[in-house]
Amino acid sequence: MPGAGHAYAGRSGRALAWFGIVSVLTFVGWALTGPLFLSQHRLELPLAGKLALPTAIPEVANLIETMVAQAWLRVVEPDSAPSETAPLGAVLTASAAILNVVAMSEAHWLCRGGAFGGGARSPAIAAMLAWLVPGAGHWWLGRRGKGAIAGAALVLTFVLGVVLAEGTVVQRPRDQYFWSGEILLGLPAIVASLADAGRRVQHEMPLAELGLLCATVAGLMNVLLMLDAYATAERDLAPRPTTSPAREREATARAA
Amino acid sequence: MSRSFFVHVLAFVYLCAVVSLVLSCYREESVPVILRETVRRTAKFALGIAILAVVTMGIERWVID
């Protein structure tokens, strides 16, 4: 549940903010997507009555709200017509799930004893910026050269993929699992996903698979940049978070 | 050897370079060190893939055919 980790850590303001942002994106997204996608991506649980697990990636990272949306939208036949607003809806629900992962990482940071203030920059926000614009997390943390070269390399690889496949790679209905990797590149992938929606393959494209590979690798590599931005911000913050009460006791005993 | 083969080889070397660059960024802080590490890793990756490709083609030609 978005924000529950922050509430547990005693940060009710941040909990409400994360809950609001993630929930609005999720439900607006599913309203635009319509019931077809969730009907096609669900795992029936025979022993649990009508309960079914959603298998849409990355939406499973926001499991409870996706299950609520599933119950709200009901199941439709697989050959129903897709909604015209589905590409925008897909982008919103996927963004909500990725932001929920960012919220989880921030709640984890807070529960480990991390604190903000005095100009300190949140590791989770650095990771979020790194997702939105590759390299932006490092740029925000003052590692401008590193952010620029890594971000430019990933965006260039993604653009190369889109060009090789003539703008037919970032399409969720056709390549659900590749799309899940591509969307990790943030804004460039979101823009391409909306621009490529509904574009059909009209002729033979010998390099289409290579394009799909380049675009997906760019998205997946951005996860490493997000993790590195998170770790860099964590290193910059002082004092370092307490790792465990046992280590704290050890340090106190050593000091005594 | 077709044009498509060379395009695929070039693309794989490029992808090796991108993966090497991101891995180097993950480990290092300074830009010159990152670039040096990238070149070293790309050479190792590309060599590994070339050996793998030769072995695969060898198996295809002399064992399967």
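Every chain is numbered from 1, with letters handed out A, B, ... down the list of sequences. Reckoned from all heavy atoms, side chains included, excluding hydrogens, waters and symmetry mates.
- When heavy atoms are compared at a cutoff of 4.5 Å, L160(A) approaches chain B solely by way of its side chain, counted from C-beta outward.
- Going from atom CG of L15(B) over to atom CG of L210(A) covers 7.0 Å, rounded to the nearest 0.5 Å.
- Taking CG of L224(A) as the reference point, atom CG of L21(B) lies at 11.0 Å (rounded to 0.5 Å).
- With a threshold of 4.5 angstrom between heavy atoms, I149(A) approaches chain B through its backbone and through its side chain.
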Quick one: donor-acceptor pairs under 3.5 angstrom, chain B versus chain A?
unit_1: Y14(B); atom_1: OH; unit_2: T157(A); atom_2: OG1; d: 3.0
unit_1: C25(B); atom_1: O; unit_2: K146(A); atom_2: NZ; d: 3.0
unit_1: E28(B); atom_1: O; unit_2: K146(A); atom_2: NZ; d: 2.9
unit_1: E29(B); atom_1: OE1; unit_2: R143(A); atom_2: NE; d: 3.2
unit_1: E29(B); atom_1: OE2; unit_2: R235(A); atom_2: NH2; d: 3.4

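- The contact between L207(A) and chain B is made entirely by side chain atoms (from C-beta outward), counting heavy-atom distances below 4.5 Å.
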